[in-house]
Amino acid sequence: PRTTAPLATDALAGFGAQPAYDGPGAAELLAWVEEIAELTEPDRIHWVSGTPDEHDALIARMVADGTLIALDPQKRPNSYLARSHPGDVARLESRTFICSEDEEDAGPTNNWAAPDEMRRTIQPLFRGSMRGRTMFVVPFSMGKVGGPISQLGVQVTDSPYAVASIGLMTRVGEDVTRLIAEGTPWVRTVHSVGAPLAPGDADVAWPCNDEKYIVHFPDSLEVWSYGSGYGGNAILAKKCYALRIASVLGRDQGWLAEHMLLIRVIDPEGRAYQVAAAFPSACGKTNLAMLRPTIPGWRVETLGDDITWIRPGDDGRFHAINPEAGFFGVAPGTGESTNVTAVETLWGNVLFTNVALTDDGDVWWEGLTDEAPEHLVDWQGQDWTPDADRPAAHPNSRFTVSAAQAPSIADDWEEAVPLDAILFGGRRATNVPLVVEAFDWEHGVFLGSTISSERTAAAEGVVGELRRDPFAMMPFCGYNMADYFGHWLEMGGKAERLPRVFQVNWFRKGADGRFLWPGFGENSRVIDWIIRRLQGEAEAVDSPIGRLPVVDDLNLSGLDVPEEDLAELFDIDPDSWLAEAQLTEEFYDTFGERVPGALRAQLDALRDRVKTA
Ligand code: GTP
Ligand code: SPV
Ligand code: MN
């Protein structure tokens with residue numbers, strides 16, 4: 001028999017009571033929660049209030065039951081390690097579905113099933129899936145509560161790890177429930193790890209199910225996720241809502257939901273510019289968001305590191321917010337020499353997943369320090385020494401931490417900011433130069449639509465394999481990507497002063513396989529050129545693929561990049577670009593007639609420029 005009475009026996013005692021709100025939306029919310037509980041049959045319902053005390057109690061319970069390992073509070077206060085099931089470490093694009101009424105609306109890049117059919121498939125999985133567990137009801141806001149660009153949602157979940165993560169990544173609280181009760185629209189999201197417990201069953205540290213479904217119903221604004229506890233599959237406010245569902249809202253309402261970081265760049269004269277950048281998963285957004293410039297006088301403030309919502313404003317400009325409240329960042333490669341801001345952000349209050357544990361109760365991952373400790377417990381709980389032939393931390397191990405904790409966070413990071421530039425990038429060993437500027441908005445949209453990038457560990461698949469990832473949104477666009485390209489073109493008519501568009505690539509390699517560009521803090525030299533372009537103070541030369549810097553105009557002082565590497569970083573090989581154009585044509589063809597004519601024309605124009613160069 002289900003009870004809403006608080007448990008008397010554990011750390012969560014005294015938390016979880018149903019809030020009492022009146023209003024047109026209250027009954028609807030209650031009815032929905034009741035309906036999900038009828039289906040999933042939890043032992044108990046806990047309404048999350050979002051207070052710090054409740055968060056602490058939740059963490060205490062997870063430490064007590066073995067879900068989390070507490071780190072040494074002297075070394076890293078209030079910080080914890082979760083080790084996932086070895087098969088539940090990343091997003092699962094093959095198990096992600098966009099169930100629009102019309103298959104064409106999902107497009108060829110998404111898995112699709114008819115909504116009714118998918119409901120028939122997943123209903124039996126959710127039936128009784130929360131038995132023996134607590135169902136948490138988590139009201140959240142993306143963007144500050146009540147903000148002009150913000151959106152609300154509720155996640156029900158049987159994963160306390162997901163609840164704690166949502167608490168760090170979004171704004172959770174009763175003020176959200178109150179807005180919902182008053183009638184503010186909200187998105188329904190349901191999550192179950194798919195591991196019901198029979199009476200007397202012992203639980204495991206990371207419950208999940210071999211069968212996994214991450215399902216979106218864009219027409220009814222719902223997300224249903226089953227079987228996985230991993231961030232992108234379980235924190236439904238993030239990729240499922242803030243990108244897949246929100247991109248559909250953006251299409252219908254005239255705005256953009258993008259896989260972009262958001263920063264403020266301040267030049268030596270104190271002039272500030274806001275820049276958003278779309279790079280695919282594990283391709284450098286968090287790092288650029290926390291950039292510490294190596295060139296004197298420049299500063300970067302962090303506004304967001306993964307998702308940006310953009311709306312046309314009354315002033316003829318685009319305005320952007322970071323809808324999240326935390327960072328769910330890639331751990332490997334994060335160290336003093338690459339991202340010191342992240343290292344400082346992680347001083348405490350962090351939820352780590354799948355990193356290694358040191359013998360003195362702290363964490364470690366590849367790249368945190370140059371040398372690995374002599375002994376570690378790896379992400380799967382096994383003894384590890386530096387001569388092991390496997391990494392100590394999973395390549396997609398992550399940290400979850402409140403954004404406010406970054407020393408680089410802008411004072412006004414919760415407010416909307418006008419957008420001056422948009423960057424598109426990817427992980428490209430060849431062809432794509434360090435930086436190139438679009439000729440205009442339409443060409444910029446073309447650049448975004450042609451982005452390819454080498455696969456990373458952030459999702460399942462072969463790491464390193466080149467694949468298309470237009471606008472870094474391939475796994476996140478909730479509708480037909482050709483329509484999405486069209487939406488971007490249309491957005492160009494919605495502001496008088498559009499952001500300028502650039503393409504960047506920190507990952508070009510020499511024939512010997514080493515990165516030609518030092519990256520990280522040195523990327524400030526590219527940002528410097530981009531900002532000076534906005535100011536009309538830097539030169540560019542037209543090339544077949546866009547405007548390139550005059551190399552002498554890049555600030556390279558104090559940097560040891562050999563001449564020939566620099567030349568290679570900007571080399572435009574006509575044959576490779578014709579081959580690239582051919583691949584783009586084949587990619588466009590997968591969408592058939594739906595690709596906007598303006599982009600086909602851009603492709604023709606690119607070929608003409610390459611041939612006549
Ligand atoms: P998601 O959270 O998956 O969306 O990833 P992200 O785009 O925020 O990627 P992140 O900044 O976490 O970087 C991923 C990996 O790329 C890390 O291992 C970084 O160390 C590495 N990286 C980031 N910037 C650079 C760079 O400028 N050069 C090189 N060589 N590597 C970089
Ligand atoms: C990504 O994969 O792009 C991430 C991590 O930012 S996740 O939230 O898991 O999608
Ligand atoms: Mn991401």
Side-chain angles (χ1 to χ4, degrees), residues 84 88-93 96 162 165-166 168-170 214 225 228-244 258-263 277-292 294 302 304-308 322 324 326-343 353-354 365-368 391 393 395-400 423 425-429 434 453-461 463 469 472-476 504-509 513-527:
S84 82
D88 196 22
V89 294
R91 280 184 297 100
L92 294 168
E93 292 170 10
T96 301
S165 303
I166 302 163
L168 290 164
M169 296 303 297
T170 78
I214 299 100
S225 171
S228 171
Y230 169 75
N233 307 328
I235 308 169
L236 304 186
K238 193 170 170 57
K239 297 298 162 74
C240 299
Y241 181 176
L243 289 178
R244 298 194 190 99
E258 299 300 325
H259 192 204
M260 291 178 175
L261 65 90
L262 186 61
I263 53 176
F279 307 155
S281 302
C283 289
K285 288 184 300 301
T286 303
N287 276 265
L288 187 59
M290 297 182 177
L291 182 79
R292 210 166 278 192
T294 49
T302 308
D305 85 323
D306 196 53
I307 298 179
T308 300
N322 162 22
E324 302 192 272
F327 308 125
F328 180 57
V330 177
T334 306
E336 297 277 344
S337 59
T338 54
N339 189 352
V340 63
T341 301
V343 172
T353 305
N354 288 341
W365 51 79
E366 280 68 21
L368 177 60
N396 191 41
S397 54
R398 300 246 167 191
F399 53 79
T400 313
L423 278 46
R427 214 174 252 276
R428 289 298 305 269
L434 181 62
S453 189
E454 292 145 27
R455 277 186 192 277
T456 65
E460 90 270 38
V463 171
D469 196 350
M473 281 288 279
M474 185 71 127
F476 308 121
V504 298
N505 177 24
W506 317 141
F507 299 95
R508 196 149 172 176
K509 288 180 175 171
R514 105 209 115 78
F515 289 118
L516 293 167
W517 179 249
F520 303 104
E522 306 296 3
N523 294 335
S524 56
R525 299 169 189 275
V526 175
I527 300 295

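Both counts, for ligands and for their atoms, begin at 1 and track the order of listing. If you read the sequence from its start, that first residue is 1, and numbering goes on from there.
The protein non-hydrogen atom at the shortest distance from atom 2 (O) of ligand 1 is Arg398 NH1, 2.8 Å. In terms of protein heavy atoms, atom 7 (S) of ligand 2 is closest to Gly232 CA, 3.6 Å. Summary of contacts: the protein heavy atom closest to atom 20 (O) of ligand 1 is Gly333 O, 3.3 Å. The closest protein non-hydrogen atom to atom 1 (C) of ligand 2 is Lys239 NZ, 2.8 Å. Looking from atom 28 (N) of ligand 1 to the surrounding protein, the closest heavy atom is Phe520 CE1, 3.8 Å. For atom 4 (O) of ligand 1, the closest heavy atom belonging to the protein is Lys285 NZ, 2.7 Å. The closest protein non-hydrogen atom to atom 9 (O) of ligand 1 is Gly284 N, 3.0 Å. The protein non-hydrogen atom at the shortest distance from atom 9 (O) of ligand 2 is Tyr230 OH, 2.7 Å.
The ligand atoms of ligand 1 that sit less than 4.0 angstrom from a heavy atom of Asn287 are 10 (P), 11 (O), 12 (O), 13 (O), 19 (C), 23 (C), 24 (N). Proximity to Arg427 (heavy-atom distance under 4.0 Å) selects the following atoms of ligand 1: 15 (C), 16 (O). Each of the atoms 1 (P), 3 (O), 4 (O), 5 (O), 6 (P), 7 (O), 9 (O), 14 (C), 15 (C), 16 (O) of ligand 1 lies under 4.0 Å from some heavy atom of Ala282. Atoms of ligand 1 found under 4.0 Å from any heavy atom of Pro280 (numbered from 1 in listed order, with element): 7 (O). Close contacts of ligand 1 with His259, meaning ligand atoms under 4.0 Å from a residue heavy atom, involve 4 (O). Listed by atom number, the atoms of ligand 2 under 4.0 Å from Ala458 heavy atoms are 2 (O). Atoms of ligand 2 lying under 4.0 Å from at least one heavy atom of His259, given by number and element, are 3 (O). Taking every heavy atom of Pro332 and a limit of under 4.0 angstrom, the matching atoms of ligand 1 come to 17 (C), 18 (O). Residue Asn523 has at least one heavy-atom neighbour below 4.0 Å for each of these atoms of ligand 1: 27 (O). The Asp306 neighbourhood of ligand 2 comprises atoms 6 (O), with distances under 4.0 Å to a heavy atom of that residue. When each atom of ligand 1 is checked for a heavy atom of Trp506 under 4.0 Å away, the hits are 26 (C), 27 (O).
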Kindly indicate, with the supporting measurements, whether the criterion side-chain hydrogen bond (donor to acceptor under 3.5 Å, both in side chains) is fulfilled by Ser524 and Arg292.
-> CA-CA 8 Å; Ser524 56; Arg292 210 166 278 192; over 6 Å; no
Glu454/Arg428 under salt bridge (Lys or Arg N to Asp or Glu O under 4.0 Å): CA gap, chis, key distance, verdict = CA-CA 7 Å; Glu454 292 145 27; Arg428 289 298 305 269; 5.1 Å; no
All N/O donor-acceptor pairs, side-chain side in residues 330-337, below 3.5 Å, sequence neighbours left out:
unit_1: Thr334; atom_1: OG1; unit_2: Val330; atom_2: O; d: 3.0
unit_1: Thr334; atom_1: OG1; unit_2: Ala331; atom_2: O; d: 2.9

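Nearest N/O/S atom of Asp306 relative to the Mn ion (ligand 3): this is OD1.
Neither the backbone nor the side chain of Met290 comes within 4.0 Å of ligand 1, counting heavy atoms alone. Residue-level proximity to ligand 1 for Asp306 is carried by the side chain, the only part with a heavy atom below 4.0 angstrom. Counting heavy atoms under 4.0 Å from ligand 1, residue Leu261 does not touch it at all. Heavy atoms of Trp517 found under 4.0 angstrom from ligand 1: none, in either backbone or side chain. Of the heavy atoms in Cys283, only backbone atoms (N, CA, C, O) come closer than 4.0 Å to ligand 1. No part of Glu366 comes within 4.0 Å of ligand 1, judged by heavy-atom distances.
Ligand 1 has no atom lying under 4.0 Å from any heavy atom of Gly329. Heavy atoms of Arg398 come nearer than 4.0 angstrom to ligand 2 in at least one pair. Under the 4.0 angstrom criterion for non-hydrogen atoms, Glu522 is not in contact with ligand 1. Proximity of Thr338 to ligand 1 is not established, as no heavy-atom distance is less than 4.0 Å. Taking 4.0 Å as the cut-off, Ala472 does not count as a neighbour of ligand 1 on heavy-atom distance.
Looking at Asp306 and Thr286, their side chains never come closer than 4.5 Å, going by heavy atoms from C-beta outward. Side-chain contact between Leu92 and Asn233 is present, with at least one heavy-atom pair separated by less than 4.5 Å. Using a 4.5 Å heavy-atom cutoff, the side chains of Asn287 and Trp506 are not in contact.
Nearest to atom 2 (O) of ligand 2 by heavy atom, out of Arg91, Lys238, Met169, is Arg91.
Although no hydrogens or angles enter the test, the distance criterion places a donor-acceptor pair under 3.5 Å between the side chain of Asp469 and the main chain of Met473.
Between Phe328 and Tyr230, the two ring planes are tilted [angle within 30° to 60°]. In this structure, Phe515 and Phe507 have perpendicular ring planes: the angle between them is above 60°, well past the 30° mark.
For a distance bound of 2.8 Å, the N, O or S atoms of Lys239 include one lying that close to the Mn ion (ligand 3).
Considering backbone and side-chain N/O of Ser281, one or more are found under 3.5 Å from N/O of ligand 2.
Salt bridge Glu460/Arg91: absent, no basic N to carboxylate O contact under 4.0 Å.
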